[in-house]
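Side chains are part of it too, since the values below use all heavy atoms of this structure and drop only hydrogens, waters and symmetry mates.
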Amino acid sequence: GDTHTHSIKAQRTNYSSIDAQVFRLVIVMSLIAKSDGRGVLLLTAAIAGIGGALLGYDVGAIAVIINMDPFCKIFLPSGQNGTCTPRSGDEQEFDRMQSLIVTSLIIGCAIGASISSIVADSALGRKGTIQIACVLVILGAAGQCLAPTYLIFNLARVAAGLGIGFSSALTPVYISEVSEASNRGMMVTFNQLSMTAGIAIAFWVGWALQDETHGWQWAIAAQSIPALFLFIGLIMLPSSPRWLAQRGNSTQARKNMIRLGRSSAAADEELRQIAEAIGEERGAQHIFSNPLLVKCVAISAMLQSFQQLTGINVIMFYAPKLFTAIGIHNSELLATAGFGVINFLATFIAFFFLDRVGRKTLLIGGGIVMALSMGTIGVLGTVFYDSAKAELTSTTAGWACIVAVYTFVAAFACSWGPVVWLIPTELLPTSHRAKGVAISTATNWIWGIAVARFIPGLQDELHFALYLVFAGLALVMALFVALAVPETKGKTLEEISIALGMGPKRFGKGSESERDGLLVNAH
């Protein structure tokens with residue numbers, strides 16, 4: 001009896017300690033959120049950036065889960081021993097079903113991104129829409145964990161994808177709208193940092209749980225943790241001043257600007273620009289009514305399309321298969337987890353340099369390095385690949401390919417990863433920002449569906465030659481950025497609109513040379 005009583009007291013002590021720690025954390029966050037200055041902006045960007053983890057965690061988790069034996073035994077045609085090795089004759093069906101699992105979430109993402117602006121421009125705003133996204137992700141994760149059949153599992157992934165589509169479109173918009181011109185790139189990079197952290201954590205969680213009977217369920221359930229934290233954290237954060245001004249609440253917009261670290265004079269000037277910009281923008285009721293708007297949407301959509309065509313999701317989703325082909329056996333999940341860490345750490349390059357060297361420099365440099373990396377994998381793989389053994393015959397070539405994979409991931413993480421989410425939020429004016437970003441983000445996910453649907457078959461047909469295709473595409477991307485993408489660092493969102501000819505008449509539409517300078521030149 002004494003032992004049982006002591007155990008209960010110990011449990012109560014532990015629970016009390018946990019409650020106390022959680023209470024202290026909430027108090028600290030609340031104090032920061034209510035304070036003035038840069039701390040509020042940093043906290044706002046850091047918490048909102050968790051939206052990136054909703055996507056990142058699923059990317060990392062599903063890449064591991066679809067190769068877990070307990071998962072394959074339930075949902076996929078597998079071998080006699082319940083492994084992820086398909087039975088003879090089932091290979092194509094196995095690959096098709098694996099591909100559909102990846103694609104189902106992306107379908108939900110495409111739908112969610114497409115309709116996100118409808119909700120984001122309503123009374124719910126950016127914050128409320130992202131909170132809806134959190135609820136959808138939590139419900140989707142629960143549905144996947146409890147799914148009795150392959151069909152239900154995929155439907156639950158579509159539901160989670162709706163939430164991730166919302167957050168992927170609106171997290172960068174929200175952070176961009178609360179940030180100052182001097183640090184907007186750094187602040188929006190919190191989204192990508194969170195995304196890469198989610199990928200890395202998911203890889204390691206999956207690796208640790210790969211042999212557990214219910215390991216795949218625990219790995220999926222963990223996706224609810226960042227969603228719950230984001231939902232609660234958003235309650236304490238200020239609403240977007242630009243969204244408030246668009247809704248006619250200039251008084252609260254000014255208060256939020258000051259709360260986010262602007263001086264009174266700076267807040268008044270920025271609010272004046274926003275108000276006049278919104279007044280001018282209301283003259284164009286449709287996003288496609290202005291040729292310059294169309295051009296900005298097209299540039300944004302091209303960047304988002306190119307992000308998928310870098311081949312990053314081929315690396316992420318099918319990394320275990322790639323490492324097996326390179327010659328790493330029994331440790332492919334561990335090797336995959338390793339570049340999840342590199343992906344996270346390399347994002348800090350963008351975090352610290354994006355507002356210094358500019359958007360174009362990182363995109364062009366990243367594109368060139370990615371082309372060289374993919375080219376290395378493609379050439380060495382094509383030369384040394386043994387189709388009979390389904391792996392490389394040269395150990396040296398295998399290690400060189402691994403280095404190239406890690407280099408590719410690092411280059412993407414500091415360039416085409418974070419920057420592509422940032423630029424659309426900068427090019428598009430306030431009244432059309434949510435709509436334009438929704439269109440460009442939906443384009444990203446539509447290409448994601450195509451990549452997930454067709455790449456497995458192309459890998460089977462082309463093997464390592466596929467990576468030569470990605471190398472060529474990376475060079476095309478770098479050229480596109482050099483010729484067509486504007487440099488937006490250091491300018492307020494309203495100044496960018498003015499220079500592009502979409503600003504208020506009071507400030508002038510911008511000369512032809514000024515518009516051309518922003519649309520073409522790096523500086």
**Request:** Taking all heavy atoms of M257 and all of I274, pick out the closest pair and write down the distance.
**Result:** CE-CD1, 3.3 Å
**Prompt:** So do the side chains of I62 and R157 get within less than 4.5 Å of each other, counting heavy atoms only?
**Reply:** yes
**Request:** Can you sort out the partners of W216 under ring-ring contact (aromatic ring centres under 6.0 Å, His included), two or more places apart, ordered by chain and number?
**Result:** F71, F75
**Prompt:** What pairs with S305 under side-chain contact (heavy atoms from CB on, under 4.5 Å), at least two apart in sequence or on another chain?
**Reply:** T443, W447
**Request:** Without swapping roles, check the side chain of K489 against the backbone of R356 for a donor-acceptor pair under 3.5 Å.
**Result:** yes
**Item:** Exam field: side chain Q223 to backbone L54, donor-acceptor pair closer than 3.5 Å
**Value:** yes
**Request:** Give a yes-or-no answer on whether the side chains of T425 and S176 include a donor-acceptor pair shorter than 3.5 Å.
**Result:** yes
**Message:** To the closest 0.5 Å, what do you measure between CD1 (I201) and CH2 (W204)?
**Reply:** 12.0 Å
**Item:** Shortest non-hydrogen contact from A48 toward T171
**Value:** O-CG2, 3.1 Å
**Prompt:** Is the side chain of S194 donor-acceptor paired with the backbone N or O of A53 at a distance under 3.5 Å, no angle test?
**Reply:** yes
**Request:** Would you indicate whether the side-chain heavy atoms of T196 and Q192 approach each other to under 4.5 Å?
**Result:** yes
**Asked** Would you say the side chains of Q308 and Q304 form a donor-acceptor pair under 3.5 Å?
**Response** no
**Prompt:** Can you find a heavy atom in the side chain of F229 that is under 4.5 Å from one in the side chain of I50?
**Reply:** yes
**Asked** Could you go step by step and tell me if M187 and E180 meet the side chain to side chain contact (heavy atoms under 4.5 Å, CB included) rule?
**Response** CA-CA 9 Å; M187 295 299 105; E180 298 179 80; over 6 Å; no
**Item:** Residue pair L41 / N183, side-chain heavy-atom distance below 4.5 Å
**Value:** yes
**Message:** I need the L244 CG to S239 OG distance, nearest 0.5 Å.
**Reply:** 5.0 Å
**Asked** Under 4.0 Å between a Lys/Arg side-chain N and an Asp/Glu carboxylate O for R184 and D355?
**Response** no
**Message:** Tell me if a side-chain donor or acceptor on E487 pairs with a main-chain N or O of K360 at a distance below 3.5 Å.
**Reply:** yes
**For the student: nearest non-hydrogen atoms of P70 and E212, plus distance** = CG-O, 3.4 Å
**Request:** Compare all side-chain heavy atoms of T488 with those of L493 and state whether any distance is below 4.5 angstrom.
**Result:** no
**Request:** Could you pull out all residues at least two apart from L146 that satisfy side-chain contact (heavy atoms from CB on, under 4.5 Å)?
**Result:** none
**Asked** For the residue pair A113 and T441, what are the closest heavy atoms and their distance?
**Response** CB-CG2, 3.8 Å
**Request:** Mind checking the CD1-SG spacing from I164 to C109? Nearest 0.5 Å is all I need.
**Result:** 5.0 Å
**Prompt:** Would K491 and E426 pass as an ion pair if we require N to O under 4.0 Å?
**Reply:** no
**Message:** Keeping Q210 on the side-chain end and W207 on the backbone end, is there a donor-acceptor pair under 3.5 Å?
**Reply:** yes
**salt bridge (Lys or Arg N to Asp or Glu O under 4.0 Å) against R96, all qualifying residues, sequence neighbours excluded** = E93
**Request:** Give the minimum heavy-atom separation between P172 and S167, together with the two atoms involved.
**Result:** CD-O, 4.0 Å
**Request:** May I ask you to decide if G358's main-chain N or O and T361's side chain share a donor-acceptor pair within less than 3.5 Å?
**Result:** no
**Asked** Would you call I130 and F166 a side-chain contact if the rule is heavy atoms closer than 4.5 Å?
**Response** no
**Prompt:** Can you tell me how far the SG atom of C72 sits from the CG atom of N67, to the nearest 0.5 Å?
**Reply:** 6.5 Å
**Asked** Are any of the side-chain heavy atoms of N154 and V158 separated by less than 4.5 Å?
**Response** no
**Request:** Take F231 and I138, measure what side chain to side chain contact (heavy atoms under 4.5 Å, CB included) needs, and give me the verdict at the end.
**Result:** CA-CA 10 Å; F231 182 93; I138 292 172; 5.9 Å; no
**Prompt:** Any sub-3.5 Å donor-acceptor pair from N256's side-chain atoms to P241's backbone N or O?
**Reply:** no
**Gap between atom CH2 of W445 and atom CD1 of I107 - 0.5 Å precision** = 12.5 Å
**Distance in Å, L427 CG paired with H432 NE2, rounded so as to fall on 0.5 Å steps** = 14.0 Å
**Asked** What residues, two or more places apart in sequence or in another chain, satisfy salt bridge (Lys or Arg N to Asp or Glu O under 4.0 Å) together with D121?
**Response** R126, K435
**Message:** Restricting to non-hydrogen atoms, name the atom on L124 and the atom on W243 that form the minimum distance, rounded to 0.1 Å.
**Reply:** C-CZ2, 4.3 Å
**Prompt:** Does Y57 reach the side chain of I225, with side-chain heavy atoms less than 4.5 Å apart?
**Reply:** no
Check residues 410-424 and write down every donor-acceptor pair under 3.5 Å in which the side-chain atom is one partner and the other belongs to a residue at least two apart or another chain.
residue, atom, partner, partner atom, Å
S415, OG, A411, O, 2.5
W416, NE1, L363, O, 2.9
W421, NE1, G417, O, 3.4

**Prompt:** Given F203 and V64, is the side chain to side chain contact (heavy atoms under 4.5 Å, CB included) satisfied, shown in steps?
**Reply:** CA-CA 7 Å; F203 277 148; V64 178; 3.6 Å; yes
**Asked** side chain to side chain contact (heavy atoms under 4.5 Å, CB included) between E270 and R242: does it pass, once the steps are laid out?
**Response** CA-CA 10 Å; E270 192 170 348; R242 286 170 171 82; 2.8 Å; yes
